[in-house]
Amino acid sequence: MLFNSLEFLIFFPTVVILYFSLPHRFQWLLLLVASYTFYMFWRVDYALILIFSTIVDYICGRMMGRVPEGMQEKRKPWLWLSLLSNLGILFAFKYFNFFSSAAEDLALLLDMEYASPVFEFLLPMGISFYTFQTMSYSIDVYYGRIAPEKHFGVFALFVSFFPQLVAGPIERAGNLLDQLKQKHSFNYQLAGSGIQLMAWGFFKKVVIADRLAPMVNQVYNHPTEYEGIPLILATVFFAFQIYCDFSGYSDIAIGAARVMGFQLMVNFRSPYFATSVKDFWSRWHISLSTWFRDYLYIPLGGNRVVKWRWYYNLFIVFLVSGLWHGANWTFIIWGALHGFYQIFGTATEKERNIIAQKLLLHRVPALYRFIQIATTFFLICLAWVFFRANSLSDALYITANMFEGIPESAAAIMNDEYAKTKLLYLNQLREIFYLSSIAVIFLIIIEFADRGTDLKRILSNLPVPVKIAFYGMAGALIVLMGNFTEAEFIYFQF
Amino acid sequence: MKKKFFIRAASILVTGSLSYCGIILLAIFLGLTHWIPNFYSNSGGIGQFLLRMRELRKVEDVNVVFVGSSHAYRGFDPREFSTKGIAAFNMGSTSQTPFNSYFLLKRYLPVNKPEVVVMELYWDMLTQDGLESTIDIVSNTEIEGEFVEMVAASKNSLAFKSLLITALQRLHTPLDYVEQKESGTDVYINGGFTQSLLEENSLSEEHLAKLDSMVVEPSDFQLNYLDKIIGLCKERDIKLVFVVAPVTTEYKAKIINYMAYSEILSTIAAKNGILFLDYNHREDFEMETRYDFYDQDHLTQRGVRKFNEQLIRDFKFFNIINPEAASSGTTKNL
């Protein structure tokens with residue numbers, strides 16, 4: 001089921017009303033049934049994978065819990081079983097065809113005969129999210145950070161909790177499991193703030209992301225028809241499309257959970273205001289980047305190793321992050337590019353500071369900050385090209401031609417209406433182009449203002465009739481301006 | 001606490017609904033509707049359905065009515081039928097699917113009392129949900145029971161929005177005062193026909209060769225409404241004819257399962273004693289891609305003439321309607 005669907009509009013209030021009407025001992029059961037219903041709206045049979053993952057991790061957790069602390073060796077086989085099961089599912093459904101075709105390419109290169117088998121599986125929705133969530137549970141139990149969950153139903157709910165099941169945030173058992181067992185009574189403040197967050201998420205999804213999508217698709221599906229301005233425009237639009245799509249989903253998920261009294265982790269903190277790529281990753285998909293930090297980067301040694309090994313660790317983490325996003329060379333290069341940014345940023349930090357001081361940028365902190373934000377945004381956009389492009393050759397074409405022919409495309413836009421539609425409005429109506437651009441600027445202003453002032457508090461301090469009028473008007477504008485074609489969220493594919 | 005929450009939520013819903021209508025009204029009065037992306041209306045827009053419906057309200061009895069998509073309103077020229085003494089009216093509209101045709105026929109069959117209903121069954125229409133045509137019909141007609149029923153049956157929120165927008169639009173401009181937007185290459189002809197002024201196409205062989213291949217899978221939803229139309233005509237003792245209007249041979253060749261599609265229609269027709277005429281699939285009828293079509297699938301006037309002459313001959317041959325007998329009829333108020 002999609003958040004931006006009519007079904008969800010009926011499903012969610014029904015679940016909330018039933019949830020607060022039921023006695024505490026049945027609440028988990030309701031949420032479990034609701035979560036599986038939510039998932040099975042997409043495909044019934046793939047819920048079996050979810051059940052399999054749940055059973056295996058539950059058993060592994062319980063078995064590890066039986067081993068006394070300090071005897072971790074005896075826990076190891078169960079940890080391996082859990083990791084291999086989850087990674088096995090991921091490999092079979094997500095990566096098999098990719099590695100198989102890579103093997104075929106390699107065989108061709110070595111002049112060997114090898115025909116790779118291809119499995120026509122549909123990628124189970126949200127598989128990378130729930131497998132990572134359950135793996136973190138097993139690892140935490142292994143290290144004794146948390147006690148294994150004894151209640152199978154509650155554990156199954158932890159794996160399948162519908163607000164964050166298919167696109168995160170990837171929750172930690174330490175945060176969510178206890179909340180699932182607690183009694184939650186209806187809380188006016190939490191419900192109000194949850195709905196507010198959901199509305200903001202819907203705005204980002206249907207008004208910004210889904211309005212930008214056709215323009216981005218037009219260029220990225222036919223890149224060779226363009227050079228210069230439209231390639232830049234489509235890439236910048238994609239940066240906002242993916243941000244609004246994904247953070248919009250997170251907002252709806254966190255908001256929906258909050259209405260029922262659950263606190264999910266924050267997943268985004270104005271990432272395009274990051275002053276470095278390192279800073280970007282502390283603001284973008286926080287639940288995944290902290291997962292990689294805690295379960296891959298630190299076990300690899302983190303930064304407490306010799307320099308070359310530190311750089312190696314950084315690079316590996318981002319390479320794996322790229323692969324997590326998709327079984328395609330474009331995602332791997334996207335990850336590698338981010339790994340390179342991190343290494344370059346770390347290695348040249350001193351030199352960059354010296355240059356900034358020589359240019360007296362430290363004396364004008366606002367300007368220095370602006371330059372840092374702009375540079376980071378440029379680097380992030382450059383990497384997004386690989387993330388969005390349909391193929392590696394498309395990505396290379398776009399990066400090579402982005403800054404070619406800018407004066408020519410600018411002149412054509414100025415002088416020719418047809419060229420303006422194709423090169424500036426990216427084959428959309430003029431009004432759609434301007435409205436989408438205004439919506440993006442509005443988002444930037446709100447996020448900028450939210451850094452220094454608590455907008456939510458200002459809003460909640462308004463007189464009730466003004467608040468009601470404001471929310472009513474905002475809702476009406478979302479319905480009038482949004483794209484309600486029930487477009488899937490981009491991160492579902494991961 | 002819960003009560004307070006529900007009261008406020010209800011207040012926001014009411015305020016939101018009022019704001020929604022208010023913003024739309026404001027945009028209508030200020031002429032800024034094009035700045036609202038979800039302003040679902042085709043009032044006076046492409047397809048000239050406004051003019052067609054305006055004329056239909058004055059028409060009483062006819063011998064033949066045509067329903068279907070642009071292949072219908074650009075393919076059946078009532079003037080060609082009139083020269084043979086057949087009074088015809090074309091009720092085609094943009095992307096009209098059997099779902100939409102059913103509600104149009106339900107509304108107008110009792111008024112126009114035709115002897116024959118000709119349904120153009122362009123394959124694309126049997127795969128769509130009919131939303132585009134629902135919006136077109138709602139935007140260009142009075143708000144009437146059959147069309148409200150159509151909106152409800154569409155189960156699509158966009159159709160409901162379109163109905164609401166139409167109601168608000170009528171507050172500003174009653175239907176009789178809505179103006180048809182000009183189209184440079186199309187002329188409206190009495191009897192519901194839209195004539196293209198283009199006399200040929202400039203499609204290159206390369207373009208035609210590159211057309212996407214398609215597999216046609218008619219939806220159960222549309223086939224169900226096809227059944228309902230059959231029932232409606234049977235109830236009123238009206239002859240129903242299925243027609244697939246000609247398209248360029250290159251375009252038809254891109255339909256991978258054309259024979260299977262034709263077979264589906266032919267089976268339904270045979271089961272119900274309906275004449276089925278497929279003009280893309282017969283040896284005695286040929287069209288010329290360059291001059292008979294102004295694009296890959298729409299006819300020029302030359303093409304329309306050829307097609308309609310053949311259709312009238314077929315009507316006579318299959319005894320669907322006898323031109324001489326039709327011309328001696330009484331109320332042909334066109």
Side-chain angles (χ1 to χ4, degrees), chain A residues 4-7 9-10 13 16-17 19-21 185-196 198-199 206-208 210-212 214 259 261 428-436 438-439 460 464-486, chain B residues 1-42 45-46 128-129 131-132 135 151-152 154-166 168-169 181 184 210 212:
Chain A
N4 51 332
S5 68
L6 211 58
E7 290 90 2
L9 207 65
I10 298 161
V16 172
I17 290 168
Y19 180 74
F20 287 119
S21 311
S185 303
F186 181 80
N187 181 306
Y188 176 80
Q189 299 298 338
L190 278 182
S193 125
I195 290 174
Q196 205 178 54
M198 287 174 84
V206 298
V207 179
I208 304 182
D210 291 349
R211 285 273 167 229
L212 292 175
V259 170
Q428 287 290 301
L429 292 173
R430 179 183 62 132
E431 289 81 8
I432 298 285
F433 171 82
Y434 283 121
L435 284 171
S436 310
I438 291 167
S460 65
V464 173
V466 177
K467 250 193 315 194
I468 288 174
F470 174 82
Y471 289 135
M473 183 74 87
L477 282 171
I478 291 175
V479 176
L480 283 166
M481 301 297 169
N483 184 351
F484 293 92
T485 46
E486 294 195 7
Chain B
M1 190 95 85
K2 277 184 196 169
K3 194 178 165 192
K4 185 180 163 191
F5 178 81
F6 283 115
I7 290 172
R8 291 219 178 153
S11 312
I12 291 171
L13 271 179
V14 172
T15 320
S17 308
L18 291 174
S19 304
Y20 180 83
C21 295
I23 296 168
I24 290 175
L25 269 178
L26 199 66
I28 291 169
F29 278 89
L30 295 176
L32 295 172
T33 52
H34 52 289
W35 283 97
I36 298 181
N38 295 342
F39 193 87
Y40 298 104
S41 171
N42 189 35
I46 54 161
Q128 293 189 10
D129 60 3
L131 176 66
E132 186 183 337
I135 293 174
V151 167
S154 77
K155 291 177 189 156
N156 191 316
S157 64
L158 303 187
F160 285 96
K161 283 182 198 167
S162 175
L163 187 66
L164 175 64
I165 286 169
T166 302
L168 294 171
Q169 267 183 318
K181 289 171 192 126
K210 274 188 182 170
D212 290 336

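Here is the naming used below: chain letters follow the sequence lines, and residue numbers restart at 1 for every chain.
Counting heavy atoms from C-beta outward, Met473(A) and Ile23(B) have side chains that approach closer than 4.5 Å. Within the 4.5 Å cutoff, the side chain of Arg8(B) has no heavy atoms near those of the Tyr471(A) side chain.
Per-residue counts of heavy-atom pairs under 4.5 Å with chain A were compared for Ile24(B), Asn38(B), Ile12(B); the largest is that of Asn38(B).
By the 6.0 Å contact criterion, CZ on Phe470(A) is open, its count of non-hydrogen atoms from other residues, nucleotides or ligands being 12 or less. Residue Lys181(B) places its NZ atom among more than 12 non-hydrogen atoms of other residues, nucleotides or ligands, all under 6.0 Å distant.
Of the options Leu13(B), Thr15(B), Val14(B), a side chain to side chain contact (heavy atoms under 4.5 Å, CB included) to Ile468(A) is made by Thr15(B) and by none of the others. For the pairing with Pro37(B), the side chain to side chain contact (heavy atoms under 4.5 Å, CB included) check across Asn483(A), Leu429(A), Ile432(A) returns one residue only, Ile432(A).
In terms of heavy-atom proximity, Gly16(B) sits nearest to Ala476(A) at O-CB, 3.5 Å.
The contact between Phe20(A) and chain B is made by backbone and side chain atoms together, counting heavy-atom distances below 4.5 Å.
Ring pair Tyr434(A)/Trp35(B) is tilted by interplanar angle, where 30° to 60° counts as tilted.
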